[in-house]
Amino acid sequence: MDERSAEFNTRLEKLQAIKDSGIEPYPNDFKPSATTAFIIENFDGLDAAALEDKKDNLSIAGRIMAKRDFGKASFIHIQDRSGRLQAYVKKDVVGEETFALFKKADVGDIVGISGTLFRTRTDELTIEAATYAPLAKGLSPLPEKWHGLTDVEARYRQRYVDLMVNPGVKEVFAKRSEIVRFIRDFLSSREYVEVETPMLQQIPGGAAAKPFKTYHNALGMELYMRIAPELYLKRLIIAGLERVFEINRNFRNEGISTQHNPEFTMLEFYQAYATFDDLMDLTEEMISSLVQNICGATTITYQGTELDFAPPWRRVSVKDAITEHSNADIAIFTDKAEAQKFAASIGLELSDKFSHDKVIIEIFESVAEPKFIQPTFITHYPLEVSPLARKNDGDPSVVDRFELMVAGREIANAFSELNDPVDQRERFMAQIAEREAGDDEAHHMDEEYLRALEYGMPPTAGEGIGIDRLVMLLTDSASIRDVILFPQLRSS
RNA sequence: GGGCCGCUAGCUCAGUUGGAAGAGCAGCUGACUCUUAAUCAGCGGGUCGCAGGUUCGAUCCCUGCGCGGCCCA
């Protein structure tokens with residue numbers, strides 16, 4: 001064992017002293033009868049006389065977060081999953097032996113208390129200990145009581161300490177849980193079936209991204225961590241499930257930033273006989289009711305900016321978004337050289353190998369995307385950057401696709417699905433050409449998916465929503481690491 | 001990958017134009033049976049991120065590296 005602090009060793013000695021006195025320091029038979037929040041909810045309305053009359057015997061368990069000792073008595077704050085309650089441990093009441101045992105308790109220990117409620121002179125609802133039991137010694141001391149743990153690196157590496165001492169953190173993750181539950185309920189109530197599809201895939205499909213590679217020993221085969229569940233969910237549409245969704249992790253072998261963690265949570269859902277227009281309506285309804293439900297209003301503040309989720313949201317094409325936010329000539333949409341010239345004029349350094357459509361998208365992301373602060377659907381993406389989406393009937397150079405932008409960020413991506421297997425094969429071939437031209441994020445040929453598609457997929461629309469980014473918005477978090485319990489970090 | 005910033009006691013932070021370290025909380029000892037940043041008296045605690053360099057002397061200056069943060073790609 002490495003060298004420990006003096007305080008660690010002192011606590012270890014206290015633990016040994018408890019053992020030496022014949023008391024089990026890690027018992028597992030203590031059952032709290034109530035949470036601290038339950039007690040406050042049910043008894044905080046009663047005055048001292050009413051509490052005295054009732055004398056309900058209650059027991060609580062949790063971590064000591066504060067300790068104020070007197071010679072023969074002590075006030076401690078006990079924190080459990082629901083909150084905190086003050087306890088009063090008095091030598092006269094618990095007896096000499098138990099009080100000596102209590103003297104070995106430190107801030108950070110897990111303890112159990114049973115007793116009755118009373119009010120202190122300052123009117124704080126407090127449990128007077130009739131019994132006290134150590135349940136688990138905290139050998140490592142907790143951070144400082146005024147400032148808590150503020151070192152960002154320590155907060156991420158030791159999230160359990162962050163959660164213990166920084167109350168706002170628990171609220172973020174409680175909200176995250178509520179958000180996911182709301183979405184499950186919302187889709188389930190619309191007859192969507194929740195499914196789970198492979199995380200380990202032979203061909204990483206469904207998105208333009210670099211995958212993690214792994215290896216299956218028994219099969220003697222390379223596998224990839226999925227970058228998206230899309231192609232499996234669409235197999236289920238082909239199968240006739242008609243409405244499916246999955247909330248699960250995707251893995252992308254790319255940079256880490258305030259917006260990116262290598263593993264992140266994605267909601268994907270697919271609905272047969274729907275179009276991307278239908279999904280815009282559904283998305284407005286789902287997210288606006290989610291925001292209303294979680295935040296109590298459809299207007300929220302994100303990093304100082306007010307965001308209004310009340311529907312309807314603006315819908316604007318990629319083309320219009322670019323011309324609205326730049327002085328680009330419409331010739332860039334029909335002439336690749338014009339597009340390249342314009343891209344260069346705004347400082348974009350793009351490979352000559354980029355397709356015309358990719359140049360357009362780069363221009364869009366540079367000049368327009370950050371400008372869409374209020375919820376906005378950006379529609380009609382160029383064909384080549386959307387190899388799984390259905391061509392627009394009126395303009396086959398674009399697809400029936402939208403992305404939802406909020407606070408200048410992509411929150412959702414959806415389209416009417418390409419269900420023509422002949423067209424799909426051609427799109428895959430175009431992607432292979434892109435890959436050969438040096439784009440290592442281009443889609444792979446997937447014969448197994450084509451084989452499924454050849455059985456016939458009903459007209460369908462599908463959507464993906466980045467759960468982490470959504471949670472960031474609703475919890476006013478600046479970094480994705482603030483909404484992921486254990487974000488990826490370099491080894492320390 | 002690039003730029004800027006940070007890394008000092010368990011935690012939160014000072015500090016040194018280069019003479020080799022400080023506070024508060026936490027801890028320890030004592031007093032104290034209504035405190036809530038409890039109080040009072042006393043005490044202990046450091047690889048100043050790591051490795052080189054410059055220097056009589058480096059936590060401080062220089063170089064490299066590590067980890068983290070923010071911004072850019």
Side-chain angles (χ1 to χ4, degrees), chain A residues 2-15 17 36 40 48 51 63-79 83-96 98-100 102-109 115 117-129 132 137-162 164-166 210 254-261 303 343 346-351 362 365-366 369-370 408 477-482 487-492:
Chain A
D2 50 350
E3 206 162 302
R4 300 297 195 151
S5 69
E7 186 170 355
F8 182 96
N9 290 320
T10 303
R11 288 177 176 222
L12 208 52
E13 284 161 18
K14 289 176 180 173
L15 178 63
T36 59
I40 289 162
L51 289 171
R63 194 180 297 277
I64 300 177
M65 299 305 290
K67 193 160 178 276
R68 294 175 288 278
D69 288 323
F70 297 82
K72 299 180 182 67
S74 180
F75 287 96
I76 57 178
H77 268 112
I78 305 277
Q79 174 172 291
R84 285 183 185 195
L85 184 70
Q86 182 170 256
Y88 186 44
V89 184
K90 197 157 62 160
K91 191 174 181 180
D92 287 356
V93 179
V94 297
E96 200 157 326
T98 300
F99 197 74
F102 172 76
K103 279 283 191 186
K104 295 190 169 54
D106 289 298
V107 170
D109 288 6
L117 296 171
F118 74 106
R119 284 191 177 280
T120 65
R121 276 177 206 158
T122 53
D123 210 34
E124 180 167 347
L125 186 68
T126 300
I127 184 167
E128 184 177 75
Y132 158 83
K137 186 76 192 165
L139 294 173
S140 296
L142 256 38
E144 204 251 357
K145 65 182 173 189
W146 309 351
H147 306 91
L149 187 68
T150 62
D151 179 66
V152 181
E153 183 174 357
R155 288 186 47 224
Y156 295 150
R157 289 195 195 278
Q158 294 184 275
R159 181 71 90 182
Y160 44 92
V161 179
D162 190 29
M164 275 177 222
V165 302
N166 295 330
K210 295 188 192 97
E254 293 162 6
I256 294 178
S257 76
T258 51
Q259 311 289 316
H260 300 87
N261 194 62
Q303 304 291 296
I346 58 169
L348 292 176
E349 290 173 25
L350 305 179
S351 161
E362 292 285 340
E365 286 176 0
S366 172
E369 188 171 287
S477 300
S479 169
I480 196 168
R481 294 183 205 96
D482 294 325
Q488 203 57 241
L489 299 172
R490 281 192 172 82
S491 61
S492 50

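The figures here come from the full heavy-atom set of this structure, side chains too, leaving out hydrogens, waters and symmetry mates. The sequence lines fix the lettering, A, B, ..., with proteins before strands; numbering per chain opens at 1.
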field: Aromatic ring pairing Tyr88(A)/Phe118(A), orientation class (parallel under 30°, perpendicular over 60°, tilted between)
entry: tilted
Base-pairing assignment for [N] (Watson-Crick or G-U wobble, both under 3.5 Å):
| N | value |
| --- | --- |
| A23(B) | U12(B) |
| C7(B) | G66(B) |
| G18(B) | none |
| G42(B) | C28(B) |
| C34(B) | none |

- prompt: When you match Thr126(A) and Asp69(A) each to their closest nucleotide on RNA chain B, which lands nearer the 5' end?
  reply: Thr126(A)
message: Quick check: on RNA chain B, is the nucleotide nearest Glu7(A) upstream (toward 5') of the one nearest Thr150(A), or the reverse? Name the residue that is more 5'.
response: Thr150(A)
Closest approach to the side chain of [X], judged atom by atom: which nucleotide of [options] is it?
| X | options | result |
| --- | --- | --- |
| Thr258(A) | C28(B), G10(B), C71(B) | C71(B) |
| Lys90(A) | G10(B), G27(B), U33(B) | U33(B) |
| Glu144(A) | G27(B), U33(B), G10(B) | G10(B) |

Check whether any side-chain N or O of [X] sits under 3.5 Å from a backbone N or O of [Y] as a donor-acceptor pair, and report yes or no.
| X | Y | value |
| --- | --- | --- |
| Asn9(A) | Ala6(A) | no |
| Asp106(A) | Arg11(A) | no |
| Glu144(A) | His147(A) | yes |

Remember a base hit wins even if backbone is also touched, and classify [X] as base, sugar-phosphate or nothing at under 4.0 Å, heavy atoms.
| X | value |
| --- | --- |
| Asp151(A) | sugar-phosphate |
| Glu349(A) | nothing |
| Leu489(A) | sugar-phosphate |
| Ser74(A) | nothing |
| Phe99(A) | nothing |
| Gly255(A) | nothing |
| Arg84(A) | nothing |

task: Enumerate the residues from residues 153-162 of chain A whose closest heavy atom to RNA chain B is under 4.0 Å, giving them by residue number; use none for an empty result.
output: Glu153(A), Tyr156(A), Arg157(A)
Rounded interatomic separation in angstrom, taking [atom1] from [X] and [atom2] from [N]:
| X | N | atom1 | atom2 | value |
| --- | --- | --- | --- | --- |
| Ile127(A) | C34(B) | CD1 | C1' | 16 Å |
| Gln303(A) | C70(B) | CD | C1' | 13 Å |
| Glu124(A) | U35(B) | CD | C1' | 9 Å |
| Phe75(A) | C32(B) | CZ | P | 17 Å |
| Glu128(A) | C34(B) | CD | P | 12 Å |
| Phe8(A) | G10(B) | CZ | P | 13 Å |
| Arg4(A) | G27(B) | CZ | C1' | 16 Å |
| His147(A) | C13(B) | NE2 | P | 7 Å |

Reckon [X] has a side-chain N or O less than 4.0 Å from the OP1 or OP2 of [N]?
| X | N | result |
| --- | --- | --- |
| Lys67(A) | U35(B) | no |
| Arg490(A) | C65(B) | no |
| Arg68(A) | U35(B) | no |
| Lys145(A) | A26(B) | yes |

[M] and [N], which share atom name [atom1], separated by this distance in whole Å:
| N | M | atom1 | result |
| --- | --- | --- | --- |
| G44(B) | A58(B) | P | 28 Å |
| U59(B) | U17(B) | C1' | 15 Å |
| G27(B) | G10(B) | C1' | 9 Å |
| U16(B) | G49(B) | P | 16 Å |
| C34(B) | C28(B) | C1' | 26 Å |
| U8(B) | A14(B) | C1' | 10 Å |
| G66(B) | A51(B) | P | 15 Å |
| G18(B) | C61(B) | P | 7 Å |

Please report the interatomic distance [atom1]([X]) to [atom2]([Y]), rounded to the nearest 0.5 Å.
| X | Y | atom1 | atom2 | result |
| --- | --- | --- | --- | --- |
| Ile76(A) | Asp69(A) | CD1 | CG | 9.5 Å |
| Ser477(A) | Gln303(A) | OG | CD | 7.5 Å |
| Leu139(A) | Leu12(A) | CG | CG | 5.5 Å |
| His260(A) | Thr258(A) | NE2 | OG1 | 8.5 Å |

- request: Report yes or no: is there a donor-acceptor pair, N or O only, under 3.5 Å between the side chain of Thr120(A) and the base of U35(B)?
  value: yes
message: Considering only residues two or more places apart or on different chains, which pairs with a residue in residues 150-161 of chain A satisfy salt bridge (Lys or Arg N to Asp or Glu O under 4.0 Å)?
response: Glu153(A)-Arg157(A), Arg155(A)-Asp162(A), Arg159(A)-Asp162(A)
message: Would Lys67(A) and Phe102(A) count as a cation-pi pair here, with the cationic atom under 6.0 angstrom from the ring centre and within 45° of the axis?
response: yes
message: With the criterion set at under 5.5 Å between ring centres and under 30 degrees between planes, would C32(B) be stacked on Phe70(A)?
response: no
Test item: side-chain donor near acceptor, Gln79(A) and Arg63(A), under 3.5 Å: no
